[in-house]
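Computed over heavy atoms, backbone and side chain alike; hydrogens, waters and symmetry mates excluded. So you know, we letter chains A, B, ... as the sequences are listed, proteins then strands, and number each from 1.
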2 protein chains.
Amino acid sequence: MRIGELSERTGTPRRLLRYYEEQGLIVADRLPNGYRDYDASNVDRVAQIRGLLDAGLPTRIIKQILPCLNKPRVIHFPDATPEMLATLEEERDRMTERIRCLVRNRDAVAEYLDAVRGELAEPSA
Amino acid sequence: MRIGELSERTGTPRRLLRYYEEQGLIVADRLPNGYRDYDASNVDRVAQIRGLLDAGLPTRIIKQILPCLNKPRVIHFPDATPEMLATLEEERDRMTERIRCLVRNRDAVAEYLDAVRGELAEPSA
DNA sequence: TCGAACCCTCACATTGATGTGAAGGTCAAG
DNA sequence: CTTGACCTTCACATCAATGTGAGGGTTCGA
């Protein structure tokens with residue numbers, strides 16, 4: 001598919017698809033006329049990229065992480081340098097910490113909302 | 001305490017403490033000489049702010065959320081406008097979505113690492 | 001009284017993720 | 001053949017979170 005379709009199917013501005021490509025997060029073939037030609041797998045891939053970005057990871061980390069997440073399941077582990085493994089461990093722990101923080105604050109917000117709800121629903125309780 | 005101590009105790013550059021104040025996330029008294037004077041509660045507050053920022057919330061949202069999270073427990077709900085409640089609900093859901101995404105990807109990274117570990121530990125398995 | 005270590009404000013620089021638009025090529029349908 | 005909807009690259013703009021540093025005051029101990 002061309003960039004317009006991928007843009008629509010992922011809800012992502014064309015500009016960003018080109019940006020992700022520039023950052024090495026996705027690859028695109030080229031049609032004879034120079035247009036980008038995307039494989040269907042890019043729909044999922046872009047969704048994952050956006051999720052990770054939204055989760056706070058910078059593109060340079062995502063670039064490192066993505067190759068590991070795409071493999072269907074346990075296969076070859078060819079180019080896993082020690083530095084990369086260290087980066088991944090670090091990032092995994094950062095993500096865990098982020099999750100903990102997010103959950104804590106999400107729960108606090110939710111509790112607050114529930115409390116207000118209760119207040120409004122049972123003014124005399 | 002003055003800004004230097006708060007900076008040390010929170011691991012946050014002074015520059016950012018001033019920025020958070022400028023954004024209305026924290027408040028500081030002033031000593032007679034003009035120096036900022038922070039209440040001890042700001043240590044926790046700054047930690048929370050940084051957590052939320054790191055979780056991807058912009059300061060303008062944090063500013064709205066924070067007042068709700070600081071109350072010790074269920075107390076008065078004075079200035080909870082409907083718009084604010086809507087914002088909070090929206091943000092709560094965004095956070096939940098973010099958590100889901102983060103967990104999914106964190107687990108994927110962790111699985112990958114475990115797999116590589118297994119590979120290295122039991123080369124003949 | 002001097003220097004070190006604080007603090008202040010102001011303001012410009014940078015970085016990453018984006019928006020926006022110009023100048024132009026491709027292609028299908030009227 | 002022209003129009004409109006695509007696509008291309010390039011480049012400058014923006015926004016939030018930060019870095020950095022200038023220029024200057026305060027405080028305290030040697």
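In this structure, CG on L16(B) lies 11.0 Å from CD on E22(B), to the nearest 0.5 angstrom. In this structure, CZ in R50(B) is found 10.5 Å from CD1 in I62(B), a value given to the nearest 0.5 Å. One distance of note links CG of L88(A) with CG of L113(B); it measures 5.0 Å at 0.5 Å rounding. Atom-to-atom distance recorded for R2(A):CZ and E5(A):CD is 8.5 Å, nearest 0.5 angstrom. Within the model, atoms OG1 of T96(B) and CG of D107(A) stand 8.0 Å from one another, a figure rounded to the nearest 0.5 Å.
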Nucleic acid footprint by protein, nucleotides 12-25 of chain D - heavy-atom cut-off 4.0 Å, B for base, S for sugar-phosphate alone: ----SBBBB----B
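Dashed line: the shortest gap from a side-chain N or O of R36(A) to OP1 or OP2 of dC7(D) is not under 4.0 Å.
Note on residues 26-37 of chain B: pairs passing side chain to side chain donor-acceptor pair (under 3.5 Å), not counting sequence neighbours, are E21(B)-R36(B).
Within residues 89-101 of chain B, no residue has any heavy atom under 4.0 Å from DNA chain C.
Rounded to an integer number of Å, the gap from CG of L31(A) to P of dT8(D) is 9 Å. In this structure, E5(A) places its CD atom 12 Å from P of dC6(D), rounding to the nearest Å. One can place CD of E8(A) at 14 Å from P of dA5(D), the figure rounded to the nearest angstrom. Remark: P of dT26(D) and CZ of R2(B) are 14 Å apart, rounded to the nearest angstrom.
Applying the salt bridge (Lys or Arg N to Asp or Glu O under 4.0 Å) rule to D39(B) yields no partners; only residues at least two apart in sequence or on another chain are considered.
Taking every nucleotide of DNA chain C with any atom under 4.0 Å from a non-hydrogen atom of chain A, the first and last of them, 5' to 3', are dG16(C) to dC27(C).
When base pairs are accepted only as Watson-Crick or G-U wobble with both N-N or N-O distances under 3.5 Å, DNA chain C takes part in stems of 3 or more pairs at C:1-30 with D:1-30.
Side-chain contact annotation: R92(B) with Y112(A), donor-acceptor N/O pair under 3.5 Å absent.
Between R100(B) and E97(B) there is a salt bridge, since at least one side-chain N of the basic residue sits less than 4.0 Å from a carboxylate O of the acidic one.
Within a 6.0 Å sphere centred on CD of E89(A), heavy atoms belonging to other residues, nucleotides or ligands number more than 12.
Within the 3.5 Å criterion, the main-chain N or O of S7(B) finds no donor-acceptor partner in the side chain of T12(B).
Paired with I49(A) under the rule side-chain contact (heavy atoms from CB on, under 4.5 Å), one option of D44(A), I26(A), T10(A) passes, and it is I26(A).
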Salt bridge (Lys or Arg N to Asp or Glu O under 4.0 Å) between R94(B) and E91(B), worked out: CA-CA 5 Å; R94(B) 293 175 71 79; E91(B) 209 53 41; 3.8 Å; yes
